[in-house]
Structure formats: C-alpha cells, structure tokens
Amino acid sequence: MSAIDALNPGDRRVLNENELAQRWGLSPKTLQRWRSEGRGPRYLKLSKRVSYPLEAVIEFEHAALHDSTSERSLR
C-alpha cells in the first residue's frame, strides 16, 4: 500500500507550489522553471492550479539523496 493510500480522507495529499518552495527553501519561480524544463517532482495540473502529490515529493527527495560527492545513495 502506498503512503497516499494509507491517509484518511481529510488528510492533505498534495502541496501547492508555495508550500513546496518553502519546504525546500526555493523560490516558486524555480519550481516553475523546473516544470518547463521537465525537472523536479511529478506534479498535477488541474485547470491553472499546480499541485505536487506528497508521495511524488518524497519519492523525488529520496532519489536526490547522496552518500558522497562522487556517488548517489543506494537507499
């Protein structure tokens, strides 16, 4: 079962652009640029609203883990 499936119906399952920018200490403009370049976590776009599923954010964070400057983490 995925982390999102384990949440109760009232739990937040997505972060908006400003929340994710704050979580990572980035500018929302950086996230906008990453989307246009095909970088960053997967996102959901409904009409003009962009949301980042929490599961995709955590998955992206795990993929970005490094053990040293020469290799990625095997976690």
When the side chains of residues 41-53 are checked against the rest of the protein, which donor-acceptor pairs come out under 3.5 Å, sequence neighbours left out?
| unit_1 | atom_1 | unit_2 | atom_2 | d |
| --- | --- | --- | --- | --- |
| Tyr52 | OH | Arg35 | NH1 | 2.7 |

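Under the 4.5 Å side-chain criterion, counting only non-hydrogen atoms from C-beta, Trp24 is not in contact with Thr30. The closest side-chain heavy-atom distance from Val14 to Leu54 is not below 4.5 Å. For the pair Arg33 and Arg39, the minimum side-chain heavy-atom distance is below 4.5 Å.
Atoms CD and CG, from Gln32 and Leu26 in turn, are 12.0 Å apart once rounded to the nearest 0.5 Å. Within the model, atoms CG of Asn18 and CD of Gln22 stand 8.5 Å from one another, a figure rounded to the nearest 0.5 Å. Taking CD from Glu17 and CG from Leu31, the interatomic distance works out to 6.0 Å, rounded to the nearest 0.5 Å.
Residues Pro28 and Ala21 come closest through the heavy atom pair N-CB, 3.7 Å.
Salt-bridge check for Arg23 with Glu19: failed, with every basic side-chain N at 4.0 Å or more from each acidic carboxylate O.
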